[in-house]
Engineer: 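Have a look at the structure that comes next, please.
None of the values given here were measured: they were computed from a predicted structure. Chain letters run A, B, ... following the sequence lines, proteins first and then strands; every chain starts at 1.
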Amino acid sequence: MKKVFAAFSALVLMCSTCASCARTDYLEERSHYAFGTVITAKIWGNPDSAADAAEKCFDELDRLDAVFSANSEKSELSRLNANAFAAAFPVSDELFYVIKTSLEYCSLSDGALDISLGRLVKLWAIGTENERVPAESEISPLLAADYTQIELDEESKTVHFLNEYVQIDLGAVAKGYAGDRMLEILSGCDVTGAVISLGGNIVAFGSKPDGGAFTIGVADPTSPSTLIATVDVSSGAVVTSGDYQRYFEENGARYHHILDAATGRPSESGIAGVTIICESSFEADCLSTAVFVLGKEKGLRLLAGTGAEAVIIERNGAVSTTPGISNCSYNYLGGTA
Amino acid sequence: MKKRVIIAVCVIAAVFAGSVAAILIMKAYAPVRPVAVISRDGEVLYRIDLANACEEYTLTIPSADGGFNTVTVRSGSIAVTDADCPSRTCVNTGFISDSSKPIICIPHKLEIRIINGSDEIDGVAG
C-alpha cells in the first residue's frame, strides 16, 4: 500500500514539474533603454527561455547602439564620420552592410531617403534641448551633401566621403536593422512568440499562445494615444514614420524630425504618418521614411514594386492603403478621416 | 486490499484534477485590474492599481537633470499631463488605459506602462 502511494506521489510530482517546464504560455514583459528610446519586449514561452531571450535581445541592442550611434564619439559610425572624407575608411562587415543596403533604398527612392544628412540632423537638433529653426544661410551649404557622395569599396570594406559636408546618420534605418537582428535572435531561442517595440518600430515573431497572429495598432497622427487602424502580423515588422513622433513648435509652426534632402527642412509632403508592414524591419524602416518624404502618389508607386503593404495618413485626414493591405487583416477603426 | 488502493488512487486523482480545473477557471474569470508601472531609467518607482484610483490625483516625478513630469492618475487610466522636456511627447500621448502603448519621456528616461490590462492589441506602431 505504502509503495503504491509513494509511486503515485512521485508520478504527480513528476507531472507537475514537467508541466511547469513545458509551459509555453508564460509572458515575459521587459523594458530597456537603447537607441535613445525605450524598448519594450513581450515574449511568450517557458519562463526560463523567455527571460533568456529578453536578455539576449537587450544585449544585442546595446551592442548595436554602440556601433550605430551618431551621438557617441566612441561609436564606429562616429569614427567613420570623423575620418572618411580624408581617406577611405575601413569599417566592420556589419556597418558596411547597413550602409550599403541603406544606399540601395536611397537610390530606389531617388534620394527621398538620404543617410548623408548627418550635419543637417545635428543643425536642427530636433528632440534635443538644442532644437531650433536654423537660418537659411546655415542650411544652404549643407545641401551640397547627398547620398551619391558616399563611395563604397566592397573588396576592402571601406567607406569614402566625396564631399566635406557628408556625414552619415542612420537614425532613419538603424532601429529597422536592429529589429531584424531581434527576429534572428528570437528564432534561435526556445520561445513561441514575441512582440518587441523599438520606440514604436514593431517586430513580431511566432504566434500568440492561442496560435493566432498578433494584432498591432496604427497610431492616429492627430491623436497618437488613439488608434486609427489595426493589422495582424505573425513574423514580420510594422514600422511607422510620423510627424508627431519628434517635433517642436515655434511661432505656431510644427518642425518635425523627418528632413527632406532637397530643402534641408522638415518634409512638407502632406503626409502625417506612414506605416509599412513587411517581413523585414530594415526594409520597413527605409521605406517608411522614403514614402513620408515622397508623398502619397510617388510613395504608392515606390511601394508597388516592393511587396510591402502600407497605411498612409495625410495631414488633411485622408487615409490610403496599398492594394494588398487586406492580407494583413486591415481593420480601419475611424478617426482622422 | 486491492479495491481500497484503487479507490484511494481514484480519490487522489479526482482531487488533483479538480484543483487544476479550479485554478484554470479562476485564472480565466479573474477580474482585469490594470496596474500602472512607473519607471525612471529602468528603476520602478511606483506600481499603481488603477482600479483603486477612485479620485483623480497627481504625482510629480523629478528627473535626474532637475526636470519634472507631472503624472495624473484616474480610475482605469493614467497620463503625463505636464513636463518640462523639450518635445513634450509624453504629454501629447494623453491618457492610456491598456498595455498596448506605454507613455515614454526620452529626455527624462521615464516610462509608464500598464500591465494586466485588456490585451486585445499586442503593440502599437507609431
Engineer: Could you check which of T128(A), V195(A), V38(A) has the highest count of heavy-atom pairs closer than 4.5 Å to chain B?
Structural biologist: V38(A)
Engineer: More than 12 non-hydrogen atoms from neighbouring residues, nucleotides or ligands closer than 6.0 Å to CD on E250(A), yes or no?
Structural biologist: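 Yes, CD of E250(A) has more than 12 neighbouring heavy atoms, counting only those of other groups under 6.0 Å.
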Engineer: Could you check whether atom CD of E249(A) has more than 12 heavy atoms from other residues, nucleotides or ligands sitting under 6.0 Å from it?
Structural biologist: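 It does: E249(A) CD has more than 12 such atoms within range.
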Engineer: Grab the two heavy atoms, one from G126(B) and one from A219(A), that are nearest each other, plus how far apart they are.
Structural biologist: CA-CB, 4.4 Å
Engineer: Does the side chain of P86(B) come within less than 4.5 Å of E131(A)'s, by heavy atoms?
Structural biologist: yes
Engineer: Give the C-alpha distance, both sets of side-chain angles, the deciding distance and a yes or no for side chain to side chain contact (heavy atoms under 4.5 Å, CB included) between I216(A) and V124(B).
Structural biologist: CA-CA 5 Å; I216(A) 307 299; V124(B) 174; 5.9 Å; no
Engineer: Could you go through K208(A) and D122(B), starting from their C-alpha distance and side-chain angles, then the distance that decides it, and tell me whether this counts as salt bridge (charged side-chain N to carboxylate O under 4.0 Å, His left out)?
Structural biologist: CA-CA 9 Å; K208(A) 293 167 85 160; D122(B) 299 299; 3.2 Å; yes
Engineer: May I ask you to test the F214(A)-I121(B) pair for a side-chain heavy-atom distance under 4.5 Å?
Structural biologist: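 Not in contact.
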Engineer: If every non-hydrogen atom of E111(B) is compared with every non-hydrogen atom of T40(A), which pair is closest and at what distance?
Structural biologist: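 Heavy atoms of E111(B) and T40(A) come nearest at OE2-CG2, 3.4 Å.
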Engineer: If you tally heavy-atom pairs under 4.5 Å against chain B, which of G242(A), G273(A), S241(A), G36(A) wins?
Structural biologist: G36(A)
Engineer: How many angstroms lie between CG in N92(B) and CD in Q245(A), if you round to the nearest 0.5 Å?
Structural biologist: 12.5 Å
Engineer: Given that the side chain runs from C-beta out, which part of R113(B) has a heavy atom under 4.5 Å from chain A: side chain, backbone, both or neither?
Structural biologist: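 Contact with chain A is through the side chain of R113(B) alone.
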Engineer: Tell me whether the count of non-hydrogen atoms from other residues, nucleotides or ligands lying under 6.0 Å of CD in E129(A) goes above 12.
Structural biologist: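 No, CD of E129(A) has 12 or fewer neighbouring heavy atoms, counting only those of other groups under 6.0 Å.
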Engineer: Quick one: OH on Y33(A) to CZ on R40(B), what's the gap to the nearest 0.5 Å?
Structural biologist: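 Answer rounded to 0.5 Å: 14.0 Å.
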Engineer: Go through the atoms of I104(B) and report whether side chain, backbone, both or neither lie under 4.5 Å from a heavy atom of chain A.
Structural biologist: side chain
Engineer: Output the option from T215(A), I202(A), I126(A), I196(A) having the highest count of non-hydrogen pairs under 4.5 Å with chain B.
Structural biologist: T215(A)
Engineer: Quick check on R132(A): does its CZ atom have over 12 non-hydrogen neighbours (other residues, nucleotides or ligands) under 6.0 Å away?
Structural biologist: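 Yes.
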Engineer: Determine, step by step, whether Y244(A) and T89(B) satisfy the side chain to side chain contact (heavy atoms under 4.5 Å, CB included) criterion, reporting the C-alpha distance in whole Å, the side-chain angles of both residues, the deciding distance to 0.1 Å, and the verdict.
Structural biologist: CA-CA 8 Å; Y244(A) 56 92; T89(B) 306; over 6 Å; no
